[in-house]
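Have a look at the structure below before the remarks.
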Amino acid sequence: QAAAGSQSDGCDARFDLANLELRHEEIGSAETQFRAQLASCPEDAEVHTGLAATLAAEGQTDAAQAEFRRGIELDPENRAALSGLGEIELEAGHVSQAIRLLAETVRIDPSSANAHEQLARAYAQSGQLSGALTELHKAVELKPEDPMPHSALSQVLAATGSLDQATDEQRIALKLFEDDADGWNNLGVLEVRTGHTDAARADFQHALRLHPDHTQAKANLERLNGQH
């Protein structure tokens with residue numbers, strides 16, 4: 001599919017090359033390709049967005065913001081630009097702006113689990129836990145075999161006091177990714193909160209078998225053992 005505002009097949013070909021280099025983390029080469037393409041395709045929204053993603057990967061946040069905004073100006077339904085700018089705003093603590101941008105991304109593409117996860121993170125950061133729960137339930141529905149939304153849903157459920165549901169979601173996440181030391185530590189914390197200390201001890205020990213230097217699991221296990 002041609003990029004929004006594409007001016008020639010040559011633009012598209014070079015855009016594809018730059019995106020390939022970006023995916024392979026050849027950041028400097030990708031930036032060079034995107035900038036070369038902008039010289040001949042200055043009104044291409046996707047090229048501005050690709051350059052923005054490259055600049056963000058390089059830590060050039062201000063320049064990335066400018067390119068993302070230009071991508072949105074050229075194509076108001078540019079999901080990658082909306083999402084990328086929303087992430088930057090969220091990292092900067094501008095939560096209301098992030099929510100606006102990420103909600104627009106979800107509106108444009110409600111089938112994107114990643115977009116729902118991003119919006120959930122923004123809602124959670126703003127303290128809007130009901131909104132976060134709604135978005136994470138949608139993400140889980142869209143990607144049931146991905147452990148990440150289950151784990152995130154577990155954390156938000158725990159924050160609302162729904163500990164049994166939180167425990168269930170964390171167990172699902174660990175079935176999908178058994179070697180997640182952080183996940184076993186989180187499950188242990190939930191087991192402690194629900195009074196299942198023996199199970200919690202086993203969880204913390206399992207986390208430490210996977211990651212012997214896991215600071216939180218070590219501290220949690222020591223605290224649990226110290227209660228006896």
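Values below: every heavy atom of this structure, side chains too, minus hydrogens, waters and symmetry copies. Residue indices begin at 1 and follow the sequence shown.
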Check this for me: does any side-chain nitrogen of one of Glu67 and Arg35 sit under 4.0 Å from a carboxylate oxygen of the other?
no
Do you know which two heavy atoms are closest between [X] and [Y], and how far apart they sit?
X	Y	result
Ala124	Ala132	N-CB, 3.9 Å
Pro144	His150	O-NE2, 2.9 Å
Pro42	Leu74	O-CD1, 4.3 Å
Ala207	Ala217	CB-CB, 3.9 Å
Gln170	Ser151	OE1-OG, 3.4 Å
Glu46	Asn78	N-ND2, 4.4 Å

Output the distance between atom [atom1] ([X]) and atom [atom2] ([Y]), rounded to the nearest 0.5 Å.
X	Y	atom1	atom2	value
Gln125	Leu90	CD	CG	4.0 Å
Leu221	His214	CG	NE2	12.5 Å
Phe68	Glu87	CZ	CD	9.5 Å
Glu43	Glu73	CD	CD	10.0 Å
Arg79	Ile108	CZ	CD1	7.5 Å
Asn186	Leu174	CG	CG	8.5 Å

Side-chain heavy atoms of [X] within contact of [Y], under 4.5 Å:
X	Y	value
Glu89	Gln65	yes
Asp146	Leu176	no
Leu119	Thr105	no

If Ile, Leu, Val, Met, Phe, Trp and Tyr residues are connected whenever their side-chain heavy atoms lie under 4.5 Å apart, and connections chain through other members, are [X] and [Y] in the same group?
X	Y	value
Leu102	Tyr123	yes
Leu224	Leu187	no
Leu129	Leu157	yes
Leu101	Val106	no
Leu133	Val95	no

Check the pair Glu31, Leu51 against side chain to side chain contact (heavy atoms under 4.5 Å, CB included), reporting the backbone distance first and the verdict last.
CA-CA 6 Å; Glu31 181 182 347; Leu51 177 58; 3.9 Å; yes
Got a donor-acceptor contact below 3.5 angstrom from the [X] side chain to the [Y] backbone?
X	Y	answer
Ser83	Ala80	no
His196	Ala199	no
Thr194	Leu190	yes
Trp184	Asp179	no

Pairing donors with acceptors under 3.5 angstrom, does anything connect the side chains of Ser112 and Asn114?
no
List the steps, then state whether salt bridge (Lys or Arg N to Asp or Glu O under 4.0 Å) holds for Lys138 with Glu141.
CA-CA 5 Å; Lys138 290 177 182 175; Glu141 181 181 339; over 6 Å; no
Can you list the residues that meet the side-chain contact (heavy atoms from CB on, under 4.5 Å) rule with Ala66, with sequence neighbours excluded?
none
In Leu55, Thr49, Val47, Asp44, the residue satisfying side chain to side chain contact (heavy atoms under 4.5 Å, CB included) with Phe34 is Val47
